[in-house]
Amino acid sequence: MFIKPFSKNKKSTGDQTLFYRLCESYRTETSVRHHTILYLGSLEELPGIEQKKNLCYRLEELVKESRTGKQNLFPPGESIIEELAQKFLLEIKNKNRLDISPNSKYQKINTDTIENKNIREVGTEWLCMQALEQLNVKYFLQTQGWAEEQIQLALTHIISRATYPASELRTSSWIQDNSAVCELTGYPVEKITKDKLYGISNKLFDVKDDLEKHLSNQTNELFDLEDKIILYDLTNTYFEGSMPNNKKAKFGRSKEKRSDAKLIVLAVVVNVEGFLKYSQLFEGNITDSKTLITIIEELAERTSSLKRNPVIVLDAGIATEDNLTLLKQKGFNYMCVSRSSKKAYTIDTQSNPVEIKDKKNQSLILQKIIVADSSDTYLRVHSKAKAMKEGAMQSRFSQKFEDGLLKIKTSLSKKSGIKTQAKVWERIGRLKATYPSIHSKYDLKLKVEKEKIIALEWEKKKIANNDGYYLLRTTLSGKDEQTQWQIYNTIREIEATFRVLKTDLDLRPIFHKTEKASMAHLHLGLLAYWVVNTIRHQLKQKGIKNEWRDITRIMNTQKMVTTTMKNEYEQEIVIRQCSEPDTEVSQIYKALKYKPKPFSRKKFVVPPEEIVKPEMQQYAGIPSG
């Protein structure tokens, strides 16, 4: 509450006379405004500014006494001030200029005026915001010298990527129209543009290595992780467009069967809890086996906290002899699938076959074997389910191969069929290339007469059935069969990582044209994955194993709502608050030990509009006490 001067011109003389009014400030959703409570006249009885201030103080005390019913213990000041204060208080009551009745938090509301507006999603955003607080990302960016507004924008973009993975253009529209993320981060929503989002993605990519190290250390401390086993694997994703300005975009072997599109390769190192330890981007045509050399030095640096190197679990495509030798030289233990079948082996008579069940309750037989000229430990694994699958595939391919041979044979007896020796061998060569794993199992017999093929016969070789068998190779010699299998089986976690990145976080395809923009896009997806895995890791420990898309669906039921209504004084009451979490949402908050709401409700009282005459700018308002 404060007293504000304004001037009026006397019609008779044209002179300006100073008058005063009692005002209060109120906050809307966008600004602070002033509302006139009562016109006080010229206040000729109080010529001094201090007296006017004291009048304002006394009026505030009287209004407070009326609302609370508690009398001020201190005696009033000047009698003229007390007399005017009582007079103006009576006027305020008679004109209903303020609600000063006791217990004024209870108000009479016109229910016909109640409206819900500006409804926005907040559940998933609030979940991700609290995960970022756990990861201490804001503190890291502060140590890098980032301005507060840049940090707010960075947090906004990471949360948006985890919640609504889309292009920067669509993300900016989603933030402006659908999400309450800016209310959580503090970044002005009116400043959100696709160009701002592009810029902050590039800036985050500039601190990629240091940020990854910070997040790795933070999660280890937060969840007491030791990184005794880490996993290394690669995936690739494809570009839409020709990508002439992107040197890393190359044609290669696409894991999504997109041979028509250029690729980029993402190599990641994760621990068994699914947290990233290191990531690197390679050209799309690089082979899996050539990437480990680039990463091994960084890997050694980032896993040295235990004064021992962890066990590295590798996919068969990376586990070349050169790479395994390199790991041994660096002091790493490893576990992988043997790239060769190692036919020359003998059963270890010191061990017995061990039968276990996998996660799908399917039977596996584990047997230690001895491979000549190798100091590594080998474990033969036989899976009945894998044998059935491989048998069905082999049977299907064999049938298609034989159908192809039959077409060639039929052509030999036709008048216009292909019979020349060179052409027939070309057809057989193309058929072999189509079925590379099958043709070696057949003996082909061709009868040639005058440089023409007149007959074709084939016979399937009698080969031992090795369906469902594969060999695990490791430097861990002191572990039993089941422990070795469990160590290798952790590689399923990296498969889950790629699944979340590609499916839940929409890492594919890439539409960015330049190399920097493409890499910044992928890095932002990895940062969003840090947030997602931080949440899911804690939920898994509490028995909640939902996929991320299910978690976002559940959390999106929690909204931010603005409710407006009018009271008996025609004042508009505006309440901005978060909806109550339902049962499933509450369970997630409880499991994570997160706060269920981002803030307590915000209430504004907006007086009815009134016409205010222009004021003299040279007079300052008399502030409230």
Side-chain angles (χ1 to χ4, degrees), residues 121-138 140 154-167 171 174-175 179 181 184-185 197 201 204-205 208 211-212 214-220 222-223 225 231 233 235 237 266 268-279 490 492-508 520-558 584-585 587-589 591-594:
E121 297 172 359
V122 75
T124 309
E125 291 89 331
W126 180 226
L127 209 63
C128 294
M129 184 67 184
Q130 294 185 84
L132 284 171
E133 289 173 357
Q134 282 185 296
L135 295 172
N136 227 354
V137 173
K138 182 176 181 179
F140 169 80
L155 298 179
T156 300
H157 202 10
I158 295 171
I159 293 171
S160 301
R161 182 70 189 172
T163 306
Y164 180 76
S167 67
T171 299
W174 174 77
I175 293 173
S179 176
V181 61
L184 305 179
T185 62
L197 297 179
S201 294
L204 282 167
F205 183 70
K208 171 185 177 294
L211 183 52
E212 275 187 350
H214 165 80
L215 293 172
S216 176
N217 293 333
Q218 189 70 18
T219 49
N220 281 7
L222 190 63
F223 303 117
L225 308 179
L231 320 168
D233 203 358
T235 188
T237 186
L266 170 64
V268 297
V269 178
V270 304
N271 59 17
V272 292
E273 290 79 17
F275 290 105
L276 292 168
K277 309 307 296 180
Y278 181 59
S279 67
T490 57
R492 303 289 175 256
E493 187 60 45
I494 207 165
E495 296 171 359
T497 298
F498 289 144
R499 186 164 56 250
V500 172
L501 283 169
K502 289 186 173 184
T503 304
D504 294 347
L505 299 178
D506 203 21
L507 209 62
R508 59 184 176 189
H521 163 81
L522 291 170
H523 178 240
L524 185 67
L526 293 176
L527 291 178
Y529 174 78
W530 275 101
V531 174
V532 170
N533 201 60
T534 299
I535 294 169
R536 292 190 67 219
H537 173 71
Q538 295 173 90
L539 291 177
K540 287 176 186 177
Q541 291 179 322
K542 299 295 183 179
I544 301 175
K545 299 182 180 180
N546 298 55
E547 293 184 1
W548 179 243
R549 70 182 86 182
D550 291 329
I551 295 172
T552 56
R553 174 187 57 78
I554 293 168
M555 297 304 300
N556 283 342
T557 60
Q558 192 174 27
E584 285 187 291
V585 175
Q587 287 174 348
I588 290 174
Y589 280 134
L592 295 168
K593 297 181 180 179
Y594 284 176

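Hydrogens, waters and symmetry mates are skipped; everything else that's a heavy atom, side chains included, is used. These numbers were taken from a predicted model, which means no experiment stands behind them.
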Closest non-hydrogen atom pair between Arg549 and Asp504, with its separation: NE-OD1, 3.4 Å

Minimal non-hydrogen separation, Ile535 against Leu592, with atom names: O-CD2, 3.6 Å

With side chains defined as the heavy atoms from C-beta onward, is the minimum distance between Thr534 and Phe223 less than 4.5 Å? yes

Could you tell me which non-hydrogen atom of Trp174 sits nearest to which non-hydrogen atom of Ser160, and how far apart they are? CZ3-OG, 3.5 Å

Applying salt bridge (Lys or Arg N to Asp or Glu O under 4.0 Å), run through Glu495 and Arg499 and close with a yes or a no. CA-CA 6 Å; Glu495 296 171 359; Arg499 186 164 56 250; 5.6 Å; no

Side-chain heavy-atom pair Thr219, Trp530 within 4.5 angstrom cut-off: yes

Separation between NE2 (His521) and CG (Leu526), nearest 0.5 Å, reads 10.0 Å

Tell me yes or no: between the side chains of Thr156 and Thr185, is some donor less than 3.5 Å from an acceptor? yes

Distance, nearest 0.5 Å, that separates NZ of Lys277 from CG of Leu215: 10.0 Å

Hey, which of Leu197, Ile158, Leu505 is the one that makes side chain to side chain contact (heavy atoms under 4.5 Å, CB included) with Leu524? Ile158

Validation row: Ile544, Ile551 side chains within 4.5 angstrom (heavy atoms): no

Quick one: do Ser179 and Glu125 satisfy side chain to side chain donor-acceptor pair (under 3.5 Å)? Show the steps, please. CA-CA 8 Å; Ser179 176; Glu125 291 89 331; 2.6 Å; yes

Any heavy-atom pair between the side chains of Asn271 and Asn220 that's under 4.5 Å? yes

Side-chain contact, heavy-atom cut-off 4.5 Å: Trp548 with Tyr529? no

Report the distance from atom CD of Glu121 to atom OG1 of Thr557, rounding to the nearest 0.5 Å. 10.0 Å

Can you tell me how far OG1 of Thr124 sits from CG of Asn556, rounded to the nearest 0.5 angstrom? 3.5 Å

Whether the side chain of Lys208 engages the backbone of Ser279 through a donor-acceptor N/O pair (distance < 3.5 Å, no angle test) should be reported. yes

Leu127 side, atom CG; Leu132 side, atom CG - distance, nearest 0.5 Å: 10.5 Å

Closest approach of Arg536 to Val500 (non-hydrogen atoms, all atoms of both residues): NH1-CG2, 3.8 Å

Out of the candidates His157, His523, Arg161, only one should pair with Ser201 under the side-chain hydrogen bond (donor to acceptor under 3.5 Å, both in side chains) rule; please name it. His157

Would you indicate whether Lys502, at its atom NZ, is surrounded by more than 12 heavy atoms from other residues, nucleotides or ligands within a distance under 6.0 Å? yes

Taking all non-hydrogen atoms of both residues into account, name the closest pair between Cys128 and Thr163 and its distance. SG-OG1, 4.0 Å

Does the side chain of Ile159 come within less than 4.5 Å of Leu184's, by heavy atoms? no

Identify the heavy atoms of Val137 and His214 that sit nearest to each other, and give their distance. N-NE2, 4.3 Å

Answer whether the closest heavy-atom distance between the side chains of Val531 and Leu527 falls below 4.5 Å. no

Classify the ring geometry of His537 against Phe275: parallel below 30°, tilted from 30° to 60°, perpendicular beyond 60°. perpendicular

With side chains defined as the heavy atoms from C-beta onward, is the minimum distance between Val268 and Asp233 less than 4.5 Å? no

Report the C-alpha distance between Ile588 and Met555 in whole Å, list the side-chain angles of each, state the deciding distance to 0.1 Å, and finish with yes or no for side chain to side chain contact (heavy atoms under 4.5 Å, CB included). CA-CA 9 Å; Ile588 290 174; Met555 297 304 300; 3.8 Å; yes

Determine whether Glu493 and Val272 satisfy the following criterion, side chain to side chain contact (heavy atoms under 4.5 Å, CB included), listing intermediate values before the conclusion. CA-CA 6 Å; Glu493 187 60 45; Val272 292; 5.6 Å; no

To the nearest 0.5 Å, tell me how far Leu276 CG sits from Thr497 OG1. 6.5 Å

Output, in order, the C-alpha distance, side-chain angles, deciding distance and verdict of side chain to side chain donor-acceptor pair (under 3.5 Å) for Gln134 and Tyr594. CA-CA 10 Å; Gln134 282 185 296; Tyr594 284 176; 2.3 Å; yes

